[in-house]
**Student:** 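Shown below is the structure under consideration.
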Amino acid sequence: MSRDWGSLFDIDTDPEDLLEHFDTEWFRGQRYRHLNDERHGIERGTAVVSDVVVRGYPSMPRALVLEPAILETFDGPVAIEEKLNGYNVRVTRIDGDLLAFTRSGFVCPYTTRKVEALLEADAFFDDHPEHMLCGELVGPENPYTDHDYSEVEEVGFYVFGIRHRESGTPMGVERRLDQCATYGLDSVDHYGTYTPAAAIDAARERIDDLNARGREGIVLKSTDGETALKYTTSAIHRADLEHAFELPFDYGRDFVFTRVIREAFQAVERDEPPAAVRERAQALGEAILEPAVETIRAVDAGEPVGETHTVRGDPKIIDDLLSYFREQGLKLHIERDETDGDQRVVTFTKVAQSTRDKTRYYLEGGTLDE
Ligand code: ATP
Ligand code: MG
């Protein structure tokens, strides 16, 4: 390699030790590497494409109780933004091509094509050639998530960060919003900037409103963009549980404890009377049990169970995407495969093999040692 990776990543370890953890992938005939797990303090999702380093988007802490967490985390002005529920995408321009990286640093052919079609980003990258746009991709036709936003008909990319791609250093919040406006890029909603004390009430009001509208939550950020804190609505806790317990043996265990804990602390911080706690408990129980019952019935009826998505695009891109999933060991069940003009439209299910196999086993009389 022609560059000094050690100094670039600013680590003490031998750069070879770090590079060894990178996986190799190909995009449009070009080899690149990406880091699937955090190593030596380098974020998961960091990628190296033709001598350019693209840092991963850092993971952020979550508040369980807003008031003390805000006061502990921030000692200066706090920006409050909406937290959208789609998937994290970083976009940058390398050798003249726009590339879209998923959270793990994979250059997703499908997302790259969507972003190319959606974004007018040339002017931005002409002026900021070494930056990346970090945003949430939302919309009904995508291969990863399925949360609906009424304002997004097909696909939307909402910027929540602009960072130097090699150092990961964020642009401050005000400047970022200003740049989005200048270059016509959509941004996540910004609800204002407050002192830490004032941010507590502002955050609570926003959460009430977002909860009533079934939306995910908020991210609070220091104005330099360096420190972030997330907090989510009861509505999304239930939606996550419903999703997880549609596939109980794949996701149930990991989801249930965290969401129950979030709900419990939220009820306490809001000082809810017994009737309100009971209502919360009932809704939580329904979110867990009802989808699990439906899934067991579906397996019993011989239907495929798993996450179903629809994707639309150039036949070659759709092919690449489906091959990638299969290489990852996913079993796909194609529900529908059609042509619409020069586009291929495929509805597929990522078969949840644990849920399918374990459910069948119990339905056929299999027993548990417990
Ligand atoms: P982690 O932060 O630990 O990686 P995770 O991958 O499960 O957790 P989430 O719980 O969804 O992710 O929270 C962080 C993610 O929220 C970000 O990676 C980003 O994709 C998304 N996000 C949505 N809106 C915003 C926003 N306004 N600011 C920052 N991130 C946002
Ligand atoms: Mg998310």
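Any value given below was found using the heavy atoms of this structure, including those in side chains, with hydrogens, waters and symmetry copies removed. Both ligands and their constituent atoms are indexed starting at 1 by order of listing.
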**Student:** Side-chain heavy atoms under 4.5 Å apart, restricted to Ile/Leu/Val/Met/Phe/Trp/Tyr: what other residues fall into the cluster of Leu177, or is it alone?
**Tutor:** Val173
**Student:** Using a 4.5 Å cut-off between side-chain heavy atoms of Ile, Leu, Val, Met, Phe, Trp and Tyr, which other residues end up in the same hydrophobic cluster as Ile288?
**Tutor:**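 Reading the cluster by chain and number, Ile288 sits alongside Leu241, Phe245, Leu247, Tyr251, Phe255, Val256, Val260, Leu284, Ile296, Val299, Val305, Leu363.
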**Student:** Would you say CD of Glu272 has more than 12 non-hydrogen atoms from neighbouring residues, nucleotides or ligands within 6.0 angstrom?
**Tutor:** yes
**Student:** Please determine if Arg206 forms a cation-pi arrangement with Tyr191, meaning its NZ or CZ atom is less than 6.0 Å from the six-membered ring centre and no more than 45° off the ring axis.
**Tutor:** yes
**Student:** Taking any residue with a non-hydrogen atom under 4.0 angstrom from an atom of ligand 1, which ones do you get?
**Tutor:** Tyr57, Ser59, Met60, Arg62, Glu81, Glu82, Lys83, Leu84, Asn88, Arg103, Glu136, Phe160, Val188, Val219, Lys221, Lys230
**Student:** Applying side chain to side chain contact (heavy atoms under 4.5 Å, CB included), can you list everything that pairs with Gln353, at least two apart in sequence or on another chain?
**Tutor:** Lys331, Val351, Arg356, Asp357
**Student:** Under 6.0 Å between ring centres, would you say that holds for Phe106 and Tyr324?
**Tutor:**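 Ring-ring flag for Phe106/Tyr324: true, centres closer than 6.0 Å.
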